[in-house]
Amino acid sequence: MNTIAVTCTAALAFLQFGMGWPISTLRNSRKQYIGYSNEPNDLLHKAVRAHGNTAEYSALLAVMFLYIGSRNPADWMIWSILGATICRYLYVVGMIAFPTMAKPNPVRFIGAGGTYTFGLALAYAMLVAG
């Protein structure tokens, strides 16, 4: 198994589970145990959406990483695994660190666009590696 594929899978797991703890803490401090404000600048709203978006992509990416990593991947495949992982982190930063989700920002754009681009490259890599 390729070490980078395993490391990047672990990084996605840290991102997914690591975001859950602060959300729970924020909910507890606000005594808001369900739902969130619809305001695009509300921290809980941004954190929940970033966490949900991470959940939407992490599982499939992890499967792709591990499958490709088990098949003696070419260098471009490894770079795609790294790129997808970095883009997932960028997306979360773009969601949470900026004042509002109502306006696009370059970090979120790069994170989302990179996820799509590297995700498609990895889907192709699965076909080639299989």
Side-chain angles (χ1 to χ4, degrees):
M1 179 65 66
N2 182 280
T3 304
I4 292 176
V6 173
T7 302
C8 286
T9 300
L12 290 180
F14 279 118
L15 181 63
Q16 183 70 52
F17 291 106
M19 290 177 63
W21 184 264
I23 290 170
S24 295
T25 302
L26 186 57
R27 283 188 179 286
N28 191 46
S29 72
R30 292 183 177 189
K31 307 291 188 234
Q32 185 176 2
Y33 301 110
I34 190 166
Y36 50 83
S37 164
N38 285 330
E39 294 300 318
N41 60 338
D42 179 67
L43 180 58
L44 181 59
H45 182 181
K46 295 187 304 181
V48 168
R49 285 307 317 131
H51 186 253
N53 187 276
T54 299
E56 292 168 4
Y57 288 95
S58 291
L60 182 56
L61 286 171
V63 169
M64 295 167 83
F65 293 178
L66 296 174
Y67 178 79
I68 293 164
S70 72
R71 299 282 194 230
N72 192 25
D75 287 347
W76 71 267
M77 296 175 187
I78 296 300
W79 284 108
S80 293
I81 290 170
L82 283 166
T85 305
I86 291 166
C87 286
R88 292 314 307 153
Y89 274 81
L90 286 174
Y91 185 82
V92 168
V93 169
M95 290 284 284
I96 296 173
F98 285 77
T100 182
M101 291 188 318
K103 299 177 191 173
N105 67 67
V107 177
R108 185 172 160 194
F109 178 80
I110 291 167
T115 297
Y116 298 140
T117 301
F118 289 117
L120 289 170
L122 291 167
Y124 176 72
M126 289 180 72
L127 293 173
V128 172

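Any value given below was found using the heavy atoms of this structure, including those in side chains, with hydrogens, waters and symmetry copies removed.
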Can you get from [X] to [Y] by hopping between Ile, Leu, Val, Met, Phe, Trp and Tyr side chains that sit under 4.5 Å apart?
| X | Y | answer |
| --- | --- | --- |
| Tyr36 | Leu43 | yes |
| Leu12 | Met64 | yes |
| Val6 | Phe14 | no |
| Ile81 | Tyr57 | yes |

How close do [X] and [Y] get, counting heavy atoms only, and between which atoms?
| X | Y | result |
| --- | --- | --- |
| Ile78 | Pro73 | CD1-CG, 3.4 Å |
| Ala5 | Gly69 | CB-CA, 3.8 Å |
| Phe118 | Trp79 | CE2-O, 4.2 Å |
| Thr9 | Phe65 | OG1-CB, 3.5 Å |
| Pro22 | Gly18 | CD-O, 2.8 Å |
| Met19 | Ile96 | CE-CD1, 4.4 Å |

message: Hydrogens and angles aside, do Arg71 and Asn2 bring a side-chain donor and acceptor to less than 3.5 Å of each other?
response: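 No, no side-chain donor-acceptor contact under 3.5 Å.
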
- prompt: Side-chain donor-acceptor pair under 3.5 Å between Arg88 and Thr115, yes or no?
  reply: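 Yes.
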
Does [Y] offer a backbone N or O that forms a donor-acceptor pair with the side chain of [X] under 3.5 Å?
| X | Y | answer |
| --- | --- | --- |
| Arg108 | Met95 | no |
| Tyr89 | Ala11 | yes |
| Gln16 | Ala55 | yes |

message: Using the rule given for salt bridge (charged side-chain N to carboxylate O under 4.0 Å, His left out), can you reason through Arg30 versus Asp42, listing the C-alpha separation, both sets of side-chain angles and the distance that settles it, and then say yes or no?
response: CA-CA 12 Å; Arg30 292 183 177 189; Asp42 179 67; 2.9 Å; yes

Any side-chain heavy-atom pair from [X] and [Y] closer than 4.5 angstrom?
| X | Y | result |
| --- | --- | --- |
| Tyr33 | Asn28 | yes |
| Leu82 | Cys8 | yes |
| Lys46 | Asn41 | no |

